[in-house]
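Below: one structure, written as structure tokens.
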Amino acid sequence: MEYKLIRSKRKSLAIKITDKCEIIVYAPNKCGIDYINSFIQEKSNWINSKMIKQRQNVQKLNKYSNLEEILFLGENKKIYDNNKCYNIGNFNIKYIKTSKKGNIIKNFLLEQAKLYLIERTIKLAEQLNLSFGSIKIISSKHKWGSCSNKKEIRLNYKLIMLPKEYIDYVIYHELCHLIEFNHSTKFWNLLKKIGYKKTEIKQKFNDYKFVLHLF
């Protein structure tokens, strides 16, 4: 099993599977190569499982990067080019020939995200009897959302590509940070009361990790 070894002053071994399906092993400076190989062998089932999932994510990323179809609220939508107008489900998006298709689709998703995410956040906050300072729709390849100590909630516009129940989770997650500004046991207990379990959520979101790298 090929891997890239990175040594440092760290005290323990760690393995990372990159977005390009590369295996990176982080090891202490004085850790012997035989011990490292033994560690990798011990974790081989975990590595193979992660590699399979990552390859699936790469395939999905390539599929939607072609812009022949797109995800919208968790559903596959074909993109039809109908003479200066893209048809996506019930949406008609007019464009000029000099416009890049990627920019057009991105702007469409951004506008839909603003409409849906802001309204949904206000509604869920009211249900929990919580108030936030402001809400901002952002673009990120790393996070679905965040909440600042000034109670500003930031949501990634790419959430609009996920199923509604996934969107709700991210919004609930950030709203709970208004009460517990950390990821302590108290924080996860708040989400548990709403109906979310930490381990189940992380596993589900792995299937949509590729969405963060679109556009």
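Scope of the values below: all heavy atoms of this structure, side chains included, with no hydrogens, waters or symmetry mates.
- K136 places no side-chain N or O within donor-acceptor distance of the main-chain N or O of R154, the cut-off being under 3.5 Å.
- Linking ILVMFWY side-chain heavy atoms closer than 4.5 Å, directly or via other members, places Y86 and I96 in two distinct hydrophobic clusters.
- Using a 4.5 Å heavy-atom cutoff, the side chains of I194 and L190 are not in contact.
- Residues T18 and K4 are not in side-chain contact: their nearest non-hydrogen atoms beyond the backbone lie 4.5 Å or more apart.
- No donor-acceptor distance shorter than 3.5 angstrom exists from the side chain of K53 to the backbone of N206, with no hydrogens or angles considered.
- Closest of all the heavy-atom pairs between R10 and A14 is NH2-CB, 3.3 Å.
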Determine, stepwise, if the pair Y196 / D168 fulfils side chain to side chain contact (heavy atoms under 4.5 Å, CB included). CA-CA 11 Å; Y196 297 104; D168 278 0; 3.9 Å; yes
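- Counting only heavy atoms from C-beta outward, the side chains of K63 and E69 approach each other to under 4.5 Å.
- The nearest pair of heavy atoms linking I88 to I70 is CG2-CG2, 4.2 Å.
- Within 6.0 Å of CZ in F181 there are more than 12 heavy atoms belonging to other residues, nucleotides or ligands.
- Taken together through direct or relayed side-chain contacts under 4.5 Å among Ile, Leu, Val, Met, Phe, Trp and Tyr, I122 and L155 form part of one hydrophobic cluster.
- Here the shortest heavy-atom pairing between N156 and S140 reads ND2-O, 2.8 Å.
- For the atom pair CZ of F210 and NZ of K60, the computed distance is 5.5 Å after rounding to the nearest 0.5 Å.
- For K158 (side chain) and L214 (main-chain N/O), a donor-acceptor pair under 3.5 Å exists by modelled atom type.
- One distance of note links CG of L130 with NZ of K151; it measures 8.5 Å at 0.5 Å rounding.
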Just do the side chain to side chain contact (heavy atoms under 4.5 Å, CB included) check on I118 and T121 with the steps written out, would you? CA-CA 5 Å; I118 293 174; T121 302; 5.9 Å; no
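- With hydrophobic clusters built from ILVMFWY side chains whose heavy atoms lie under 4.5 angstrom apart, I23 does not share a cluster with I6.
- Taking all atoms of both residues into account, the shortest heavy-atom contact from S134 to E152 is OG-CG, 3.2 Å.
- Remark: K197 NZ is loosely packed, at most 12 non-hydrogen atoms of other residues, nucleotides or ligands lying under 6.0 Å away.
- Between F187 and H177, the ring planes lie parallel to each other; the angle is under 30°, not in the 30° to 60° tilted range.
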Tell me, with the steps shown, if L109 and I105 meet side chain to side chain contact (heavy atoms under 4.5 Å, CB included). CA-CA 6 Å; L109 293 171; I105 303 304; 4.2 Å; yes
Given the rule in the side-chain hydrogen bond (donor to acceptor under 3.5 Å, both in side chains) test, do Y95 and D81 qualify, once you have shown the distances and angles that lead to the verdict? CA-CA 10 Å; Y95 69 91; D81 191 347; 2.6 Å; yes
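- Other residues, nucleotides and ligands contribute more than 12 heavy atoms inside 6.0 Å of the NZ atom of K141.
- Salt bridge status for K123 with E126: absent, with no side-chain N to carboxylate O gap under 4.0 Å.
- Sorted by first and then second residue, the salt bridge (Lys or Arg N to Asp or Glu O under 4.0 Å) pairs with a member in residues 21-40 form an empty list; sequence neighbours excluded.
- To the nearest 0.5 angstrom, I135 atom CD1 is 12.0 Å from K114 atom NZ.
- In this structure, CG on L117 lies 11.0 Å from CD1 on I138, to the nearest 0.5 angstrom.
- Closest of all the heavy-atom pairs between I36 and V25 is CG2-CG1, 4.0 Å.
- Although no hydrogens or angles enter the test, the distance criterion places a donor-acceptor pair under 3.5 Å between the side chain of R7 and the main chain of P28.
- Put simply, the side chain of N182 gets close to the backbone of S184: a donor and an acceptor are under 3.5 Å apart.
- The side-chain contact (heavy atoms from CB on, under 4.5 Å) test with V211 singles out one residue from L61, N57, L162, and that residue is L162.
- A distance of 10.0 Å separates CD1 in I137 from CG in L115, rounded to the nearest 0.5 Å.
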Would I160 and L73 count as a side chain to side chain contact (heavy atoms under 4.5 Å, CB included) here? Give the steps. CA-CA 5 Å; I160 199 66; L73 294 177; 3.9 Å; yes
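- Grouping the Ile, Leu, Val, Met, Phe, Trp and Tyr side chains by contacts below 4.5 angstrom, directly or via other members, places Y80 apart from L67.
- Contact of the L159 side chain with the Y116 side chain is not registered, since no non-hydrogen atoms from C-beta on lie closer than 4.5 Å.
- Tracing side-chain contacts under 4.5 Å through hydrophobic residues (I, L, V, M, F, W, Y), one reaches I104 starting from L110; they form part of the same cluster.
- The shortest side-chain heavy-atom distance between F205 and W144 falls under the 4.5 Å cut-off.
- Between the side chain of N29 and the backbone N or O of S8 there is at least one donor-acceptor pair closer than 3.5 Å.
- With a 6.0 Å radius and a threshold of 12 heavy atoms from other residues, nucleotides or ligands, E165 has its CD atom above the threshold.
- Between the CE atom in M161 and the CD1 atom in I167 there is a gap of 10.0 Å [rounded to 0.5 Å].
- Here the side chains of Y3 and N37 are in contact, with some heavy-atom distance below 4.5 Å.
- By the 4.5 Å heavy-atom criterion applied to side chains, K94 and K84 are not counted as neighbours.
- Between H183 and W188, the closest heavy-atom pair is O-NE1, 3.3 Å.
- Residues I24 and I15 have side chains not in contact (no heavy-atom distance under 4.5 Å, counting atoms from C-beta outward).
- Shown here are the ring-ring contact (aromatic ring centres under 6.0 Å, His included) partners of F91, two or more places apart in sequence or in another chain: F72, F108.
- Judged by distance alone, with hydrogens and angles left aside, the side-chain atoms of S49 form no donor-acceptor pair with the main-chain N or O of W46 at under 3.5 Å.
- Using a 30° and 60° split on the angle between ring planes, Y208 and Y166 fall in the perpendicular class, above 60°.
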